[in-house]
A.B. asks: 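Right, I'll just put the structure down here and ask away after.
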Protein chains: 2
Amino acid sequence: MRLTTKGRYAVTAMLDLAFHSQIKPVTLTDIAARQTISLSYLEQLFARLRRAGMVKGVRGPGGGYKLCRKTSEINIADIIAAVNEPIDSTKCGGEANCQKDQACLTHDLWMGLSEQIKDYLKSISLADLLEKNQVQEVAIRQHHDAQHTIEIHHHQD
Amino acid sequence: MRLTTKGRYAVTAMLDLAFHSQIKPVTLTDIAARQTISLSYLEQLFARLRRAGMVKGVRGPGGGYKLCRKTSEINIADIIAAVNEPIDSTKCGGEANCQKDQACLTHDLWMGLSEQIKDYLKSISLADLLEKNQVQEVAIRQHHDAQHTIEIHHHQD
DNA sequence: TACTTAACCTAGCAAAATAGTCAACTATTA
DNA sequence: TAATAGTTGACTATTTTGCTAGGTTAAGTA
């Protein structure tokens, strides 16, 4: 499980898609504009996401992308794994005999960590994130309202 | 918290160092040979580890590197952070106003995940890994012994 | 049928990160 | 003083990243 900006882009885009595709498909052009990611880069990412069976493309006018599964059934680890080239991350290719003693043990350990992080990210779904966003948006709106109230107060003073 | 091969190299090298530097300092040449990492790349990594106060270089014959702290006081997150350039990983630089609505929330979420992974890796020390390795070595030795026994048996049959 | 829209595909490119090389230099110790 | 080994900097090659430009194909719409 590699954690880079590429994966973050993918998660961002999927979150945007989940948020806006409840009624009709969302075009990559829209996502590109909202998230300031280049259209062609998004196309690359979504080609992988599509091949991984996470999204479905709808051609023609009114088309775009939509999710294949429910947001509660799409987790972060899968999104990141879909856009990252599957690398073996080991020199021995699981042969467990690459070095005399140390190397394979270290790589074992690393794979262990990687597994744990993957498990953690697997436990978080798009639905979880959406909910979190919803909460935050409410918080922001409330904050704005509060600000507004303060301004009015201030004005009336 | 970015997870790449660079960090893995650093952890591997530190684990090797912890394992072999109990009596005297360990040269990078030795680590390079054992872990098949290029010497000069190790030099780059250890320059950062030294600046981060995790290792100490000892010059002259019989010199090498040794750990500054006890293995139980060195955690994985610090090792990875030491070799990775500190990037802000956000477009808005914490201004929280980079986009109209979505982007900053996503980046918030990402930073949250990153924090959690960091916390997890912080909870694992070199000592923990050494212990794990020790256990594995015993397992391997036992496996070898078993093999040996089997061979003898086979021979005597 | 012609036109538009948007997915889908390919090639290539520039910048950055990764991985490694080479050479000169300095401090330490035998 | 000679050998050892860390320190530093410049330099190169490869891979990944993010993006541009140009198509083709499928599905709607006038």
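Hydrogens, waters and symmetry mates are skipped; everything else that's a heavy atom, side chains included, is used. So that the names make sense, note that chain A is the first sequence line, chain B the second, and so on, each numbered from 1. Worth saying up front: this structure is predicted, and the values here are computed from it rather than measured.
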A.B. asks: Could you tell me how far apart Leu45(B) (CG) and dT21(C) (P) are, to the nearest whole angstrom?
C.D. replies: 13 Å
A.B. asks: For a 4.5 angstrom cut-off between non-hydrogen side-chain atoms, does Tyr9(B) reach Ile37(B)?
C.D. replies: yes
A.B. asks: For Leu28(B) and dC22(C), give me the distance from atom CG to atom C1', rounded to whole Å.
C.D. replies: 16 Å
A.B. asks: Ignoring the backbone of Ile37(B), work out which of dC9(C), dG20(C), dT4(D) is nearest its side chain.
C.D. replies: dG20(C)
A.B. asks: Could you tell me whether the phosphate oxygens of dT17(D), OP1 or OP2, come under 4.0 Å of any side-chain nitrogen or oxygen in Thr4(A)?
C.D. replies: yes
A.B. asks: Any idea which of dA27(D), dT21(C), dC19(D) is nearest the Gln44(A) side chain?
C.D. replies: dC19(D)
A.B. asks: Assess whether one donor atom and one acceptor atom, taken from the side chain of Glu43(B) and the base of dG6(D), lie less than 3.5 Å apart.
C.D. replies: no
A.B. asks: Could you tell me how far apart Leu42(B) (CG) and dT21(C) (P) are, to the nearest whole angstrom?
C.D. replies: 11 Å
A.B. asks: Can you tell me the distance, in whole Å, between the CG atom of Asn84(A) and the P atom of dT17(D)?
C.D. replies: 6 Å
A.B. asks: Do Val58(B) and Met14(B) belong together in a cluster built from hydrophobic side chains that touch within less than 4.5 Å?
C.D. replies: no
A.B. asks: If you go through the side-chain atoms of Arg59(B), does one of them form a donor-acceptor pair with the base of dT26(C) closer than 3.5 Å?
C.D. replies: yes
A.B. asks: Any sub-3.5 Å donor-acceptor pair from Ser114(A)'s side-chain atoms to Met1(A)'s backbone N or O?
C.D. replies: yes
A.B. asks: Once you round it to whole Å, what is the distance between P of dG6(D) and CG of Leu39(B)?
C.D. replies: 8 Å
A.B. asks: Is the phosphate of dG20(C) approached by Tyr41(B) (side-chain N or O, under 4.0 Å from OP1 or OP2)?
C.D. replies: no
A.B. asks: Between Arg2(B) and dT18(C), is there a side-chain N or O to OP1/OP2 distance below 4.0 Å?
C.D. replies: yes
A.B. asks: Heavy atoms only, 4.0 Å cut-off, all strands: where does Tyr65(B) land among base, sugar-phosphate and nothing?
C.D. replies: sugar-phosphate
A.B. asks: Look at Ser40(A) and dA21(D) and indicate whether a side-chain polar atom (N or O) is within less than 4.0 Å of OP1 or OP2.
C.D. replies: no
A.B. asks: Would you say the side-chain atoms of Asp128(A) pair up with the backbone N or O of Ser125(A), donor to acceptor, closer than 3.5 Å?
C.D. replies: yes
A.B. asks: Round to a whole Å and report the spacing from NZ of Lys6(B) to P of dT16(D).
C.D. replies: 15 Å
A.B. asks: Measure from CD on Gln35(A) to C1' on dG18(D) and round the result to the nearest Å.
C.D. replies: 16 Å
A.B. asks: Between Ser38(B) and dT21(C), does any side-chain N or O lie under 4.0 Å from OP1 or OP2?
C.D. replies: yes
A.B. asks: In whole angstrom, give the distance that lies between atom CZ of Arg8(B) and atom P of dA19(C).
C.D. replies: 8 Å
A.B. asks: So, do Asp78(A) and Leu121(A) sit near enough that their side-chain heavy atoms are less than 4.5 Å apart?
C.D. replies: no
